> 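There's a structure below that I have some questions on.
The shown structure was predicted, so the numbers you read here are calculated from the model rather than taken from an experiment.
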Amino acid sequence: MTIPVIMGPQGAIPTSPTALNAALIAGVQATNPGYTANLPGSLIEDISSTCVGALASIDQARVDAINSVTPYGANEFIANMMGAQFGIQQGASANTSVYVIFTSSAGFVVPAGEIVSDGNYTYVTQNAAVCGTNGQTPLVYCVSPQAGSWAVAAGAVNKILTTIPTGVTLTVTNPSAGIPSVAAETPQEYRARILAAQTITGQGTPTYLKTLIGKLPGVSQRLLSILQVSGGWEVICGGGDQYQVAGAIYLGTLDLTTIVGSTTTARNITVSITDAPNTYNVTYVNPPQQLVTGTITWNTTLANFTNAAIVNATGATACTNYINTIPVGQPINETQLTDAFAEAVAQILPPQYLTRFVVSISINGTVTSPTSGTNIIPGDPESYFFATSSAFTVAQG
C-alpha cells in the first residue's frame, strides 16, 4: 500500500486514521476479494483496528523524519550532518582560535582545512590563502576542534600536522597571541549558523571575485572590475600583491579557462599559482592610467563679487576629486562634474547665481569632447582616469 505525503505550511502532515483504515482495507481487498472488516465485534475488525494504530505510528514517524530535516528541528546527528555539508564545524565560532601566517614560495596555495599545532592543541585553517611576493600569506584564521579555553602565546603555533607535498617548504607561525574561548557554542547557536549557511544568496562569479579580491591589502576598489568579454571574464585590478590577486581569482573560479586577459597583452599580468602538485597560470589586467586635465570658465550675475579666487581653488579641488573617484572603465560625466563644482562652491556662490559654466577636458593631452547628444566622455574601458592637484585651471570669465 502507498500512503501519500501530505504537505502543509508547517511541513508534512500526519494522515488521518480514517484515510489509513481505508487504504489498508483497499490493499487487503485487492488480493482478497470479498474481504469485510467493518463488522462490529469481529476478530477481523479487531485486527484491522490494531493495524491502523500501527500504521498511524509508522506514518507519524515518517512525518517526524521529514519535518526534522531543518536546522531547528533536526536531532543532533542530523544537525551535525547538515553542518558537515556546508563545512560548518560545531564550536568553530566559539572555540579557542588563533591567526597564523604561512611562509612558502610565492604563489603557493595553502588550502582550507590545514592543521597546525602549538605542541599541545591543534587548530584548523578556516579558509584558503596564497603566499604573496614576499612568500607569506595574509593572516589566516584557525580554530581548535577541541572545546575549552587556554592561552596561545605568540609564536607558539609553529607545527604543521597535515602532509606537505614533496619538494615544498612550508612553515607557520602566529605573530600575536591566540584568542581563548569564552564559552562553548550552544546547540541553538550552531543550528542558527547552519540555517544562515543554507539561506546565503548565490551571487555569481563577478560579485564573488570582487568580494575576494577587494579584501586584499592594497587593492583599490575603484580600480577593480570584472568584465564579461568574448570567451569568459576579464578581471581588472589595480594595486595589491600580484600573487594574492591571482590567488583570489584561482580560489574563486570554478573554471580557469573562463578567465581571459586583455587583447592588449602589455596590460596583462600572468602569475603562476601552485596548488601542489599542480601549477596554474592566472592572468588579469593591470589598468593603465589616463591623465585628465581641464579648463573651466564660470561667471555670476552678482555685482561686485569678490570671492572669485576662493571659487577657483575650491571648484578645482572638487573637479579633481570627482575625476579621481570614477571607477575603472567608466566615463566622465560632465553633468556630474558640474554638480560637483556647484555643490563645492555653494557656500561661497549659491547655485542660482552661477550663471555660466564652460568646461574643456583633455585626456592624455588631447582635447576630448562628449559623445554626440550626451554629456559623457568615454575613455579606454580597461583604464582609469586620474587628475593631479593642478589638473584643472579655473577662471571667472
> With a sphere of 6.0 Å drawn around NZ of K159, does it hold more than 12 non-hydrogen atoms of other residues, nucleotides or ligands?
yes

> State, with a plain yes or no, whether a side-chain heavy atom of V140 is found less than 4.5 Å away from one of V110.
no

> Can you list the other members of the hydrophobic cluster that holds V328, where links are side-chain heavy atoms under 4.5 angstrom apart?
L223, L227, V229, I236, V260, V285, L291, Y384, F386

> Under 3.5 Å, side-chain donor or acceptor atoms of residues 349-360 against the rest of the protein: list the pairs with distances, not counting sequence neighbours.
from	atom 1	to	atom 2	distance (Å)
T355	OG1	N299	O	3.3
R356	NH1	G397	O	2.8

> Ignoring hydrogens and angles, state whether a donor on the side chain of N364 or T366 is under 3.5 Å from an acceptor on the partner side chain.
no

> Taking atom CD as the centre, does Q289 end up with more than 12 heavy-atom neighbours from other residues, nucleotides or ligands that are less than 6.0 angstrom away?
yes

> What residues form a side chain to side chain contact (heavy atoms under 4.5 Å, CB included) with D241, not counting sequence neighbours?
T133, Y243, Q244

> Do I296 and C319 touch side chain to side chain, with heavy atoms closer than 4.5 Å?
yes

> Apart from V367 itself, what residues make up its hydrophobic cluster, given side-chain heavy atom links below 4.5 Å?
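Grouped by the 4.5 Å side-chain rule, V367 forms a cluster of one, so the answer is none.
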
> Below 3.5 Å, can you tabulate the donor-acceptor pairs from side chains in residues 274-283 to any protein atom, sequence neighbours excluded?
from	atom 1	to	atom 2	distance (Å)
D275	OD2	Y250	OH	2.6
N278	ND2	Y280	OH	3.3
N281	OD1	S272	OG	2.8
T283	OG1	T270	OG1	2.9

> With no hydrogens and no angle check, just 3.5 Å: does a side-chain donor-acceptor pair link N312 and W298?
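Per modelled atom types, N312 and W298 side chains form a pair under 3.5 Å.
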
> Please table the atom pairs, donor to acceptor, closer than 3.5 Å between any side-chain atom in residues 12-26 and protein atoms at least two apart or in another chain.
from	atom 1	to	atom 2	distance (Å)
T15	OG1	D59	OD1	3.4
T15	OG1	D59	OD2	3.4
S16	OG	A19	N	3.2
N21	OD1	S48	OG	3.3

> Is there a side chain to side chain donor-acceptor pair (under 3.5 Å) between S383 and Q290? Walk through the geometry before answering.
CA-CA 7 Å; S383 301; Q290 298 178 106; 4.5 Å; no

> Where the side chain of T368 meets the backbone of S362, is there a donor-acceptor pair that is under 3.5 Å apart?
no

> Ignoring hydrogens and angles, tell me if any N or O in the side chain of S144 forms a donor-acceptor pair with the backbone of N95 under 3.5 Å.
no

> Do N375 and T335 have side-chain atoms, one donor and one acceptor, less than 3.5 Å apart?
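Judged by distance alone, the side chains do pair up.
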
> Quick check for you: to the nearest 0.5 Å, what is the distance between E234 atom CD and T258 atom OG1?
12.5 Å

> Would you say the side-chain atoms of N174 and Y123 include a donor-acceptor pair closer than 3.5 Å?
no

